[in-house]
Novice: 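The structure is given below, and queries will be raised subsequently.
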Amino acid sequence: MSRRTGAGLAVVAGAVLLAACTSATGGHGRTIPSGSAVTSSAAPPSSAPASTAHPASCTHYAVPDPRRPHMTVRFTIAADHRTVQGTERVVFHPDRPITELVFRLTGNTRPTVDEGNKIVVTSATATPGGGAPRYGTANAAASTQGGLLRIPLSPRVPADGTVTASIGFVVTLGADSFDRFGRSGPYAYFGSAQPLLAWERGFGWHTEDMANFPAESATSEAMDVDLTVVAPAADTVIMSGDPADPPRTGAATRTWHATISAARDVSVAAGPFAVSDTVVDGVRLRLGAFDAATRDALVPEFQRAIRELGTRFGPFPFPSLSVARLPASGGGIEYPSSILMLDGSRLVAVHETAHQYFYAMVGDSQALHAWLDEAFATYAEELVNHDQRDDGALQAPGRVDSTTASYGQDIAGYYFTTYNKGGAALLAARQAAGPAKWDAALRCYVARNAWRIVNPDDFARAMRSFPAGLAVLRQAGALN
Ligand SMILES: [Zn+2]
């Protein structure tokens, strides 16, 4: 998620506008990586070694775990855009024994519900051995079922066993909310709308509280995704996976269908978009906006972001990027191979595109270690946009590696420490280490940790050759 540049911190129309992160960017030389040798494994070739989830290679992205979950999800958007009927089927192979399944109900986050959104689970079963569903509060809005859906399993499912869940749900979309969910004029949009399997390999279930402000707080594995969206026939759908538009047949609805080989989540937007389809460095870029002029101004910004970030971090992680520029105010919200954009700035374009590397491909716990995607997206902004910044963030108190919940209601503190201070710490570490060598090591970190969920120790290990850089990050409380 991003916040657009503003003078100081202000709340406008429900959106938080954060002061630009303005520290010197240090090295301005573009380092061209040996990126051309890196191949995306978003669609790994059939010859890819199935057991090498993260081989020790800097020249190829690690392949997704062959035992990753498979999610089939179908959304049917009502003609009036006020509700979305959903069905979801998840086939899951846990890497340790489990006695329940846990799904996160992001739509029931308190500020999200305050804006008229919610999710109601209407059915939830699991085989083998699934019992009646239960709900955990997890700081969700009191008026809802809760923040966590739990399906008990008896007997337990052994490590590497298989369990299949089938869930029905209804999402309500509020008007003009700055969030993952909403309606704005003739547009509807939603992300993290389906119950999200809350598992991390090597960790277990993530049951952290929902945040008190509209920041991300989920953790989810990269999954094989089969995504279907049924929308009113007059709409165009902009969604993860960038499927071709179905023909208009005179029926009341049209159906879009995409498969994505490694996605932690999905987003969908529907409405009368003015659409551009271009190809940038082999990446299909679909950009839909609420008018043609806005579309035409944004297309080159995303083309630039894809090129510049590809140069810095490696080839774009997905075969496509779908951007929905909505007529609402706010920032942007990142999803795998898709972006919901509520702000038309260059800053947001680069920030959210950078999240395709940090969050979508190199995953993290957005509740426990949010800086592992937000500080990196902020860092990428500044490297690419050469913002001139001096906001004192690096000297400000507060540990960069703090949980989202630890900020309580302090949304400004969360953004300042996680984004500004975290981004500034990464820039300062790069300067201390030497930009060229640091950049090369960072590309290795990205390649080796593709499609995983990382922890701060993974980053420290990847950068262990740079004691001066690590000292900067420790001083900032990003690392222990
Ligand atoms: Zn962000």
Side-chain angles (χ1 to χ4, degrees), residues 1-6 9 15-21 106 109 111-112 178-180 189 191-192 211 213-220 240 264-265 267 301-302 305-306 308-309 312-313 317 321 323-326 328-385 387 389 393 400-404 407 411-427 446 453-454 459 478:
M1 175 176 277
S2 70
R3 291 297 183 269
R4 73 185 169 201
T5 306
L9 185 69
V16 174
L17 310 181
L18 197 64
C21 313
T106 303
T109 303
T112 303
F178 168 62
D179 208 314
R180 289 155 196 79
Y189 52 97
S192 304
F213 39 82
E216 294 88 353
S217 61
T219 310
S220 53
S240 305
R264 303 179 191 283
D265 206 340
S267 73
E301 293 297 340
F302 277 93
I306 289 169
E308 294 272 342
L309 294 168
R312 293 215 167 263
F313 300 125
L321 177 64
V323 181
R325 172 66 171 103
L326 297 152
S329 56
I333 306 176
E334 70 279 10
Y335 284 93
S337 84
S338 63
I339 293 169
L340 298 176
M341 198 173 192
L342 299 89
D343 179 302
S345 72
R346 166 170 285 190
L347 183 156
V348 172
V350 173
H351 182 102
E352 306 305 343
T353 306
H355 273 310
Q356 301 300 317
Y357 295 85
F358 305 105
Y359 155 69
M361 185 165 70
V362 179
D364 61 301
S365 167
Q366 296 173 311
L368 301 180
H369 308 292
W371 78 280
L372 288 173
D373 67 278
E374 295 300 356
F376 283 76
T378 306
Y379 166 83
E381 263 172 45
E382 291 145 21
L383 287 178
V384 169
N385 292 343
D387 290 339
R389 310 181 316 153
V400 168
D401 185 37
S402 298
T403 67
T404 305
Y407 291 92
I411 183 170
Y414 166 75
Y415 288 116
F416 188 70
T417 305
T418 309
Y419 292 54
N420 295 36
K421 185 174 181 177
L426 286 168
L427 285 171
V446 168
I453 294 171
V454 293
F459 185 63

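Indexing begins at 1, ligand by ligand and atom by atom, following the structure's order.
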Novice: Has Glu352 got an N, O or S atom lying less than 2.8 Å from the Zn ion (ligand 1)?
Specialist: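 No - counting backbone and side chain alike, Glu352 has no N, O or S atom under 2.8 Å.
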Novice: If the plane angle is over 60° it's perpendicular, under 30° parallel, otherwise tilted; pick one for Tyr415 and Phe213.
Specialist: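 Rings of Tyr415 and Phe213: tilted, as their planes differ by 30° to 60°.
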Novice: Looking only at N, O or S atoms, find the one in His351 nearest to the Zn ion (ligand 1) and name it.
Specialist: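 So the atom name we want here is NE2.
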Novice: Strictly under 2.8 Å, is the Zn ion (ligand 1) approached by any N, O or S atom of Thr378?
Specialist: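 Within the cut-off used here (under 2.8 Å), Thr378 places no N, O or S atom near the Zn ion (ligand 1).
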Novice: For the metal site, I want the angle between atom NE2 of His355 and atom N of Met1 with the Zn ion (ligand 1) at the apex, to 10°.
Specialist: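 Here the angle at the metal atom is close to 90°, to 10°.
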Novice: Centroid-to-centroid, Phe358 to Phe313, below 6.0 Å?
Specialist: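 That pair passes the under 6.0 Å test.
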Novice: Strictly under 6.0 Å, is that where the ring centroids of Trp371 and Phe376 end up?
Specialist: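 Judged by ring-centre distance (under 6.0 Å), Trp371 and Phe376 do meet the cut-off.
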Novice: Show the numbers, then the answer: is there a side-chain hydrogen bond (donor to acceptor under 3.5 Å, both in side chains) between Glu334 and His351?
Specialist: CA-CA 9 Å; Glu334 70 279 10; His351 182 102; 5.5 Å; no
Novice: Kindly say whether Ser267 contributes a backbone atom to a donor-acceptor pair with the side chain of Ser240 at under 3.5 angstrom?
Specialist: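 Yes, because the side chain of Ser240 sits within donor-acceptor range (under 3.5 Å) of the backbone of Ser267.
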Novice: For the Zn ion (ligand 1), which N, O or S atom of Glu374 is at the shortest distance?
Specialist: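 Considering only N, O and S atoms, Glu374 comes nearest to the Zn ion (ligand 1) through OE1.
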